[in-house]
Each structure stands twice: as structure tokens, then as C-alpha cells.
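Below is one structure, written out as C-alpha cells, with a few remarks after it.
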Amino acid sequence: MSDPTVSSATASAAPAPAVAGPAAPRSTYRIQLTPDFGFADVAALAPYLRDLGVDHVYLSPILQADPPSRHGYDVTDHSRIREEFGGIDGLRAMAATLAGHGIGIVVDIVPNHMTVPVPESGNPALWSVLREGRASPYGRWFDIDWSDGRVAMPVLGDDVEPVPDGDVLRYHDHVFPLPDTHYRLVDWRQGPGYRRFFDVSSLIGLRVEDPEVFEATHEVILGLVREGLVQGLRVDHPDGLADPRGYLARLRRESGVWTVAEKILVGEERLPADWDCDGTTGYDVLNRITGLFVDPAGAEPLTELFTARTGVPRDYAEVIRRSKRHVIDLFFRAEVDRLNALLGADRETLVELLVAMPVYRAYVVPGEPVPAASAAIVEEAGKIAAAHLPEGAPVEEVVEKVLNGPPEAVVRFQQLCGPVMAKGVEDTALYRWYPLSCLNEVGGEPDRFGGTVAAFHDFCRELQPGTMTTLSTHDTKRSEDVRARLAVLSEIPEEWAAAVADWSDRVSFDPSLDHLAWQNLMAAWPISEERFFEYLFKAAREAKTAISWATPDPAYEEGLRDFVHRAIEECGESVARFAARIEPYARSNSLGQKLVQLMLPGVPDVYWGNEITDFSLVDPDNRRPVDFALRRRMLAGEVEGASDWDAAKLAVTREALNLRRRLDPALPYVPMEAGEHAVAFARGDRAVAVVTRLPVGLERRGGWGDEMLALPPGSWHDLLSGVRHTGRISLGHLLATRPVALLERE
């Protein structure tokens with residue numbers, strides 16, 4: 001991401017050393033638990049997952065959450081396994097069934113926050129604090145600003161007055177304890193009196209740096225680990241914590257199991273070497289893989305098309321700056337005020353410094369010497385900030401204070417950088433600047449088109465065997481197969497421009513949104529009007545150029561619905577033809593990225609359902625139910641007429657996952673020379689993966705010609721075609737039936 005901030009070199013932390021950690025899964029399969037898909041449903045999948053080659057299921061949060069929740073990150077009670085899933089008995093039964101099929105369990109945990117439910121009594125710990133204040137047994141749990149003795153609760157939104165009702169105060173569906181001595185109700189647009197998750201006031205920050213809070217909120221999860229029911233942990237949003245390094249160290253001491261952190265790395269940034277975990281959840285790998293299948297030659301024509309169609313500036317860095325400034329003004333006034341009061345600094349200078357920060361955290365720990373890389377990040381951000389401030393602004397003073405000032409201020413600056421990055425970039429700028437939206441992923445750099453094979457190999461050599469790799473998650477902006485289609489556009493920008501001109505001449509609505517609409521309509525085709533509308537409605541609110549979550553506009557919403565209807569009604573046939581036209585190339589990209597991801601060093605994760613094609617968009621679209629009955633039948637060979645793409649993707653997934661079971665995870669990554677249109681690498685002397693890249697360009701030049709691949713010594717069996725190979729082999733022969741090959745040494 002070309003943020004107007006710090007060079008990628010200074011933003012890079014040292015890579016984690018190659019040390020042996022706890023035993024890692026060979027693979028994971030992410031399951032989205034919901035009230036209608038619980039532990040018993042997961043247990044029923046055990047034979048299918050075993051045959052697919054899955055080593056561990058990777059469950060979304062399992063602690064008691066708001067009962068209707070379909071994601072589970074809104075925890076209400078850390079002392080219980082979620083009843084809607086089957087409770088502790090259902091969990092134990094599921095674990096026993098999975099273990100009987102050789103499958104372990106990884107659990108997603110949420111240490112940063114709990115939910116503020118409606119009614120508020122649904123969170124017993126929070127209710128106690130609202131009733132008793134700091135004297136509550138839970139008074140140390142929440143990161144609350146008690147400066148005026150009461151916590152501000154942002155719920156008011158109309159002229160209706162809260163009504164006392166016995167020992168509670170009611171406001172619509174909200175309920176608060178009486179007397180109201182420990183809280184005050186304020187407008188819902190006002191910042192709350194507590195640290196929240198990003199800008200979500202219904203999620204209240206936890207203080208897990210407090211040993212008492214850590215013990216209480218982790219007792220059940222760690223009990224499951226000690227009982228042998230859980231073998232791995234995924235830590236949600238560690239950047240929100242006061243001390244992520246300390247938290248991860250304690251979690252490792254207490255659990256002793258494989259652990260990955262949902263850490264967003266930008267550009268050349270690497271996971272801090274002193275974080276005691278096995279790696280990230282894989283966004284860094286996802287973005288690198290996507291870049292392999294994007295043609296850098298498409299950058300200029302696609303950017304020109306985008307700016308001409310939308311009127312958005314070419315300078316992505318300036319879009320980021322404006323977006324960050326916008327979200328600070330819109331969402332984070334209370335957080336900035338709280339931090340500024342601690343610093344005793346110039347507020348405007350602090351705001352510009354936050355805008356200029358290029359990463360989610362600078363890894364400064366109060367009381368310790370500031371790492372040189374961290375100081376460089378913040379100091380360079382200060383120089384960028386100074387260019388947007390009046391002469392004489394106290395930039396050096398503010399930089400010094402956020403690095404070496406009061407401990408609480410240093411921590412809160414770290415905790416605020418993440419929300420500003422998340423809301424300013426991934427939830428605003430990425431919806432405003434999108435010449436090729438497959439590049440618009442979390443941690444992605446949409447102004448960096450593609451990457452060299454050599455750079456990819458260099459990146460993969462550094463991957464640790466315990467880090468997670470992924471292509472699709474519950475948080476991706478679009479699924480891997482949607483991205484595979486979009487990547488083709490980088491090879492055919494003129495053809496794409498002509499199609500967009502045709503569709504836009506027939507149907508138009510909002511220039512800042514239409515171009516995104518056409519990209520995603522084609523890439524997610526076929527898609528219902530309702531799904532497409534919900535995606536665009538969210539995109540418009542995230543972009544915040546016409547409407548936002550806080551500023552609805554019924555007329556705009558009505559116009560958007562009409563656009564969606566007409567786009568599908570009047571242009572649907574043409575969109576379908578375009579999707580069909582590029583399908584061979586998209587299929588090649590899809591299979592190529594899948595095989596690369598599954599065979600890289602690390603722990604490959606398959607997002608539920610993505611063993612065959614999935615054309616989902618951003619959540620909640622990507623949390624829709626999965627047709628496992630179809631996938632079971634396909635794996636058993638009982639489905640006739642399945643698409644070639646589906647069948648091929650399932651075969652790649654099955655063969656790669658089962659091969660991973662037979663391989664030593666520590667086998668080195670060995671790049672192989674394969675020319676411009678292929679990526680090839682070996683895992684030690686046991687396996688070789690070969691995939692096609694930039695398939696349109698390959699076709700234009702007439703195919704593989706006389707290009708050869710030199711296999712390592714031995715006899716090699718292609719698990720996908722059944723053909724055996726030795727020595728030097730023609731790429732045209734190797735990839736004659738599929739655009740990918742997976743070889744195992746016999």
C-alpha cells in the first residue's frame with residue numbers, strides 16, 4: 001500500500017527466527033458455526049473432511065455470544081460454551097467424533113472485546129459494572145474512561161425519553177440498571193466512554209493485560225486445551241490489546257499449543273520476532289499469491305479506465321490520507337480526545353500523525369528502549385504529517401511523546417493506530433480506489449499490480465512451517481474465485497474497457513460506485529439481485545462518499561436498488577457472456593492459486609466450501625450456508641455433470657491436502673526455473689508443484705513452445721493426471737490436461 005507515510009524498508013520488522021514450536025496442524029478447514037449449524041453438524045462432516053485430507057477443523061468462536069449472532073465475535077459470557085451450538089456436551093461429543101476420524105480442533109478466540117448486547121443485561125459482567133461501577137467484581141474487566149465517574153453509553157437516537165420501570169431504565173429495547181449512578185446515556189453518534197473494537201460501539205474493550213481478567217476470560221478455553229479437546233488457537237485482533245507481546249507469551253505458557261495471530265502486515269512488514277506465536281492467519285500470503293496472477297502491464301490502462309470512469313484521483317496515497325482523516329473526524333473524536341489529554345499535546349498534530357502512520361502498530365512497549373525500526377516508522381510518519389501542518393507545529397514533541405511519553409499514552413497511541421488503519425484503509429480507501437479490485441484485500445496494495453516470480457520465491461523462502469496460509473476467510477472482501485476472475489482483467493484491459501462502456505451506456509447510477517459494481521457483478525456471476533444489492537449497499541456505506549452507516553439516505557438506497565435491478569435485467573446476458581469468455585483463464589488462475597497455497601510452507605487453511613468454486617463477496621455474503629451434501633457426493637464420485645472447474649478444484653484440494661499428510665512440514669521450499677508463465681517449486685525432494693500464470697499471455701504467444709522444466713532426480717507421479725515423469729520435461733506435456741501439476745516422488 002503506497003500510504004503517504006513510511007517506506008516498506010523501515011516498516012519491516014525482523015522475520016521470526018526458524019525455531020521449533022508446538023506441533024502444528026498439517027492443514028485446517030474453517031467452519032462458520034451459527035445457531036443453525038452447530039457442533040453436531042460439524043461432527044457429521046467428519047468422514048467427508050477426513051477423505052478430503054483435512055487435519056484439523058478451525059472453528060469460529062465457541063464461547064457464549066449474543067444468541068442470534070451468526071459470527072460469534074460478540075461474546076457475552078466467557079464461562080460457557082455457546083448453547084446454540086450444543087454447549088459443552090455437544091462440543092465433547094463433536095471432539096470425540098472428529099478424533100475418531102483423525103481430526104483435531106483449532107478454536108478462534110476473542111481476547112480484545114465483549115459485546116454490549118441489547119438488552120444490556122445479556123452481558124452479566126457489563127451489567128454488574130453498569131450497576132456497581134468500579135466496585136463491581138468485574139470493575140477491572142473493561143477499558144473504561146471513568147474520568148467523570150460514569151461511563152458514556154451511546155444509545156440515544158430520537159426524542160423518546162428513557163422510562164424508569166422498577167429497578168431498570170428502558171429506552172426502546174435497551175435496558176439499564178437503576179439508579180443510573182455509574183453510566184450516562186448519550187447520542188449514539190457520540191463516542192462511547194470505553195475503548196471499542198474499531199468504531200463498533202456495541203463491542204467494548206477488555207483489559208486482558210490484567211492477570212485477573214486474563215484468567216477469568218480464558219479459563220474455559222484453556223480448560224478445553226488441558227482436557228485435550230483443543231489443539232490450536234487463533235487469536236483475533238491482537239493489535240487491539242494493550243500488550244500483544246505479553247498476552248501471546250502468557251497464552252503460550254498457559255496453553256502450550258500451536259497459535260496464530262490475526263495480524264495484518266502491510267507491504268514488507270513482518271511479524272515481530274518477539275511475538276510468541278507460530279505466525280499469522282495468512283493475509284500476507286494471500287496478497288502475495290494474488291499478485292502472482294496479476295499482469296503488471298494492466299496497471300496503466302486499468303488505472304486510466306478507473307479514473308476516467310469515477311473521477312477519483314490517480315494518487316492512491318492521497319485517497320488513503322483523505323480516508324483516514326475522514327474516519328478520524330467521523331468516528332474517533334472521543335478516542336483522539338482521550339489520547340490527547342494523556343499526551344498534553346497539540347490535537348491537530350496528533351491527528352496528522354495518526355493519519356500518516358503506515359501500519360497497524362509500531363510495537364513500542366512502555367518502559368523498554370524503543371526499537372530502532374519502530375522509532376523510524378513513527379519519526380518518518382512525523383515528517384509526512386509535518387507537510388500537512390502549519391509551520392512550527394510541534395511534530396517532534398508529539399512524536400517523542402507517543403514513543404517515550406506516559407505509559408498509558410504510548411499504549412493508547414498503539415491501540416488507536418489499528419482502528420484508524422482498519423477503518424481508513426480497508427473499510428474506506430479500498431472502497432474508493434479500485435482499478436482492479438482483486439488487489440483490494442486486507443493488507444493489500446491496490447496500486448501495486450502483480451509481482452515477479454523471483455520476489456515471490458524470496459518471500460516463500462522466509463515462511464515458517466507453523467504460519468497459516470489462506471486464500472479466503474470470513475473477512476476477505478471477495479472470495480478466491482472472484483479474485484481469480486478479476487485477475488484476468490489485468491491481461492485484457494481493452495476488452496474490459498469496452499464491456500464496461502457498453503454496460504455503463506445502458507445503466508448508470510453513481511460514478512464512484514458503478515465501476516466497482518461492474519467488476520463484482522461479472523466476477524460473482526451468477527448472483528441474485530438481493531445479494532448484489534446488499535453488497536453494493538455495504539460498499540457505498542463503507543466508501544462514505546454518498547452515504548455512510550451513520551448518514552443514511554433513503555433516496556440513494558432506492559436509486560441503488562433500481563440500478564441493481566436494471567444492471568441484471570438489461571446487462572445480465574452480456575455480463576454472463578463476458579464471464580463465460582474468460583472462464584478458461586479464471587479457472588487456470590483459480591487452480592493455480594489453490595495449489596500454490598496448499599503446497600507452500602505453513603499450515604494451509606481451506607475456508608468452508610472453497611474446495612470447489614465459490615463466488616462470494618464480503619461478509620455476510622461469505623457466511624452463507626454451504627451445500628455439504630453436494631460436496632460429499634462429488635468427493636464420492638456420485639455427481640454427474642459437475643462443472644469441470646468444480647471437479648478440478650476439488651481434485652487439487654483433495655490431492656494436495658492428502659499429500660501434505662505424507663510430507664514433513666519442515667521440508668524446504670526450493671524454487672524451480674519455469675519461465676514467465678509458470679510458477680514451480682519443490683518441497684525438499686518429495687513434492688513438486690507447477691502452475692500456470694498469466695494464461696491469456698501464454699495463449700497469445702502460442703502456448704508453451706519448447707519450454708522445459710528440470711525435475712529433481714527420481715521418478716515423479718502427477719497426482720492429478722496419473723502420468724509419471726522423470727528428468728527434463730516439456731511444460732506443454734506436463735500441463736497438457738490441466739493448468740497445474742502436483743508431483744510426488746515415488
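Note that the structure is predicted; figures quoted are calculated from it, not measured. By convention here, the first residue in the shown sequence is residue 1.
- Both cation-pi conditions hold for R541 and F537: the charged atom is under 6.0 angstrom from the six-membered ring centre and inside a 45 degree cone around its axis.
- Side chains of W433 and D447 form a contact here, defined as non-hydrogen atoms less than 4.5 Å apart.
- In this structure, the ring-ring contact (aromatic ring centres under 6.0 Å, His included) partners of Y247, at least two apart in sequence or on a different chain, are F214, H218.
- Among residues two or more places apart in sequence or in another chain, the ring-ring contact (aromatic ring centres under 6.0 Å, His included) test is passed with Y556 by F509.
- Looking only at distances, no side-chain donor or acceptor of T307 sits under 3.5 Å from a matching main-chain atom of P313.
- Annotation: side chain to side chain contact (heavy atoms under 4.5 Å, CB included) contacts of E397 (sequence neighbours excluded): P394, K401.
- Among pairs with a residue in residues 291-303, those fulfilling side chain to side chain donor-acceptor pair (under 3.5 Å) read E300-R314, at least two apart in sequence or across chains.
- Screening residues 357-376 for salt bridge (charged side-chain N to carboxylate O under 4.0 Å, His left out) gives R245-E368 as the qualifying pairs, with residues at least two apart or on separate chains.
- Contacts of A484 classified as side chain to side chain contact (heavy atoms under 4.5 Å, CB included), with partners at least two apart in sequence or in another chain: N589, S590, Q593.
- Applying the side chain to side chain contact (heavy atoms under 4.5 Å, CB included) test to A386 and every residue at least two apart in sequence or in another chain returns V395.
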Return all side-chain donor-acceptor pairs below 3.5 angstrom for residues 347-356, not counting sequence neighbours, or 'none' if the list is empty.
unit_1, atom_1, unit_2, atom_2, d
R347, NE, D337, OD1, 2.7
R347, NH2, D337, OD1, 3.2
E348, OE1, R325, NH2, 3.1
E348, OE2, R325, NH1, 2.6
E348, OE2, R325, NH2, 3.2
T349, OG1, D346, OD2, 2.7
E352, OE1, R321, NH1, 3.3
E352, OE2, R325, NH1, 3.0

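- Summarising the geometry, atom OG1 belonging to T28 is positioned 3.5 Å from atom CG belonging to D605; distances are rounded to the nearest 0.5 Å.
- Between H457 and Y669, the ring center distance clears the sub-6.0 Å criterion.
- Listed by chain and number, the residues in a salt bridge (Lys or Arg N to Asp or Glu O under 4.0 Å) with E426 amount to none (sequence neighbours excluded).
- Among residues two or more places apart in sequence or in another chain, the side chain to side chain donor-acceptor pair (under 3.5 Å) test is passed with N520 by R478, Y535.
- F449 is linked by a ring-ring contact (aromatic ring centres under 6.0 Å, His included) to nothing, counting only residues two or more places apart in sequence or in another chain.
- A donor-acceptor pair is defined here as one N or O able to donate and one able to accept, closer than 3.5 Å; no such pair exists between the side chain of K324 and the backbone of A429.
- Scanning for side chain to side chain contact (heavy atoms under 4.5 Å, CB included) contacts around P493 gives P301, L302, with sequence neighbours left out.
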